[in-house]
Amino acid sequence: MTALQVQSPVSAPWNGSLDSFIAWERPISLENILCNIGPECVDDESVGAGIVLASPSKVDPDYYYTWTRDSALVFKGLVEIFTRNTTTDLQTEIHNYILAQASLQKVENPSGSLRDGSGLAEPKFHVDLTAFTENWGRPQRDGPALRAIAAITYANWLLEDGYASLALDKVWPVIQNDLSYVVQYWNNTGFDLWEEVEGSSFFTTASQYRVNSRDGRSSKDVNAILASIHSFDPSAGCDDRTFQPCSSKALATHKILVDSFRTEYSVNKGIELGKAVSIGRYPEDVYYGGNPWYLATLAAAEQLYDALYVWERDGHIDITDVDLAFFRDFTPGLSPGKYLNDSTEFGDLAHSIATYADGFIEIVARYIHHNGSIAEQFGRDDGTPVSARDLTWSYGAFLSAVARRDGQIPQAWLNPSAVSVPDRCVPTSIVGYYEAATPSLFPLPDGDADATAPTALQSPSESGSSCPGTRYVVVKFEVRVTTSWGQTIRIVGNNDILGGWDPTLGVDLDATGYTEEDPVWSVSIVLLAGQSIQYKFVRVGEDGRQVEWESSPDRTYSAPAECETAATVPAAWNLNVPGE
Ligand SMILES: *[C@@H]1O[C@H](CO)[C@@H](O)[C@H](O)[C@H]1NC(C)=O
Ligand SMILES: *[C@@H]1O[C@H](CO)[C@@H](O)[C@H](O)[C@H]1NC(C)=O
Ligand SMILES: *[C@@H]1O[C@H](CO)[C@@H](O)[C@H](O)[C@H]1NC(C)=O
Ligand SMILES: *[C@@H]1O[C@H](CO)[C@@H](O)[C@H](O)[C@H]1NC(C)=O
Ligand SMILES: CC(=O)N[C@H]1CO[C@H](CO)[C@@H](O)[C@@H]1O
């Protein structure tokens, strides 16, 4: 592998016809993605089945690892391709991916382990599924959410096609851990998707919602466009709260971001407003010289195709003060208002914006390697491919952008009953339920739907529940105990999440509700329906080490086995009344 790949900036396939370019590049992209996934096409036995190499490049840069984020985004796209055309040979790859992720979830790593979910946010692993232990920007909290989205997309297809028991037995155990992670850690800071800045990343939060910064940058970052396209729910219209691709906020952001690159790169020189330009990650980027990225340029197109789909389906474009500047690049003098699909304005805008979107794909067509390979970046001055070759995510970005161009839309994900967001952000957290998923082979699909499927969705028999769907109970443990400043109350007990009686582990309670009159500490923990535990509270000193145990006998608790999904267990320190 050479350093900066010296490749011809002249692209043979580009002859001025976007349709023929797309028809040519689509199978190349799919094949090159599959060639970056173990084991078949990868010329290296150590790459596990279903493991996605970020790139085959081993030096300058060394991307010969598997990232949870990249793998999930790529597989979300492959699952979409499979569910649109189930005769494609992708199902085995999808199964391999789920099994590989089940294994990776269990690998102890520098971010932590599965015991308390902390290890799920480890951003990358070696290709043989061992932990990467060198310094890195970790944890990265978007990984579990994105992996859950990819797995849920496949599980939904299994459910719809009558394979409910496969969804429950093989896919749900992986999803369960990742969703547990999201409900527990969503409000913690972490490293952003570019692995450079620690803080609250919009992309991460948006990915987490689907299931502010202090970094010295302008805040213009293509992660906003990525958040918008990966949160696209065609049933949500142009909803601003979920940053849908056609929402006013997402369109205003699109314009500001794209315009910030107009003056940034020589390749964009002289290209006027309303015409596509090459897009990078963020204007201040210096990585590999700070170049445009293929996946960023493709994302700019994808957002517009998503928007066009919704406008055309709904028959109108609503222009507000917030996104007016975006639309005025195409029709100067336009006013805010609702433009129906029989108006000249609608027709003109739809046409111009489709051309604008195509322009971003044309840029990619011009600057990829002439054999159809897509690297990570292309030179800011001459469009020459730069950095890692055959970046798996670049191919995934190409396939999803051109699918949207064809009107192929993703699954809806918004809960239709979630019609409002709270006025105030409350950093609630629930300690999740984590359990190692046992990878076992998927039975080969024989085309017959599983006849016993519907009953498989009932609770597992070990929970003893007679309520279908009740598998988990959110149990709120409360203890009333006076503490002094700096002290913490922790719950320690006989299972993994409670630290196996190790007082340095266990789960800290929260003093948000603590007052002098009612000194209450509490924490919500997910237990299995019917699960029994033994536990005690400990008071941890200001130094974090000194531990004072309750003097009363061990407490015991059994979560409801029947139909409840929530329970509260109040207690007083050192007062364990049996049967309470
Ligand atoms: C581009 O090439 C394709 C065949 O690869 C051909 O069908 C198409 O007409 C060409 N377009 C132009 C503008 O030459
Ligand atoms: C589905 O995929 C198969 C195999 O790749 C292909 O031959 C067929 O044309 C595809 N069907 C459609 C409708 O795209
Ligand atoms: C305009 O939108 C409506 C839906 O609101 C749709 O039924 C109609 O077919 C659209 N007309 C055109 C010309 O696309
Ligand atoms: C395309 O060419 C580049 C540069 O020579 C090479 O690294 C890459 O493997 C080629 N891709 C394919 C699919 O042949
Ligand atoms: C990282 C993160 O999102 N932190 C937020 C947790 O919730 C509070 C609101 O109560 C925010 O202020 C933090 O920014």
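Each ligand, and each atom within it, is numbered from 1 in the order the structure gives. This is a predicted model, so every value here is computed, not measured. Residue numbers run from 1 in the order of the sequence given.
Annotation for K106: atom NZ counts as buried by contact number, over 12 foreign heavy atoms lying within 6.0 Å. Residue-environment remark: CG (N85) exceeds the threshold of 12 foreign heavy atoms within 6.0 Å.
Distance from atom 7 (O) of ligand 1 to its nearest protein heavy atom, with residue and atom name: S20 CB, 4.8 Å. Taking atom 5 (O) of ligand 2 as the reference point, the nearest protein heavy-atom neighbour is T88 CG2, 3.8 Å. From the protein, the heavy atom lying nearest to atom 8 (C) of ligand 1 is N15 ND2, 3.9 Å.
Remark: ligand 1 atoms within the under-4.0 Å shell around heavy atoms of S17 are 11 (N). Each of the following atoms of ligand 2 lies closer than 4.0 Å to a heavy atom of T87: 1 (C), 2 (O), 3 (C).
Counting only non-hydrogen atoms, the option in I81, N85, L30 that gets closest to atom 2 (O) of ligand 2 is N85. Counting only non-hydrogen atoms, the option in N341, D342, L340 that gets closest to atom 3 (C) of ligand 3 is N341.
Centroid-to-centroid, the aromatic rings of F82 and W157 come within less than 6.0 Å. Side-chain rings of W293 and Y265 stay apart, their centers remaining 6.0 Å or farther from each other.
A side-chain contact (heavy atoms from CB on, under 4.5 Å) with S373 is found for one member of I28, I368, L391, N32 and no other, namely N32.
Between the side chains of D358 and T355, no donor-acceptor pair of N or O atoms lies under 3.5 Å.
In this structure, atom 11 (N) of ligand 2 has a protein heavy-atom contact shorter than 4.0 Å.
The closest donor-acceptor contact from the side chain of D178 to the backbone of R147 lies at 3.5 Å or more, if one exists at all.
Using a 4.0 Å cut-off between heavy atoms, D314 contacts ligand 3 through its backbone alone, with no side-chain atom that close.
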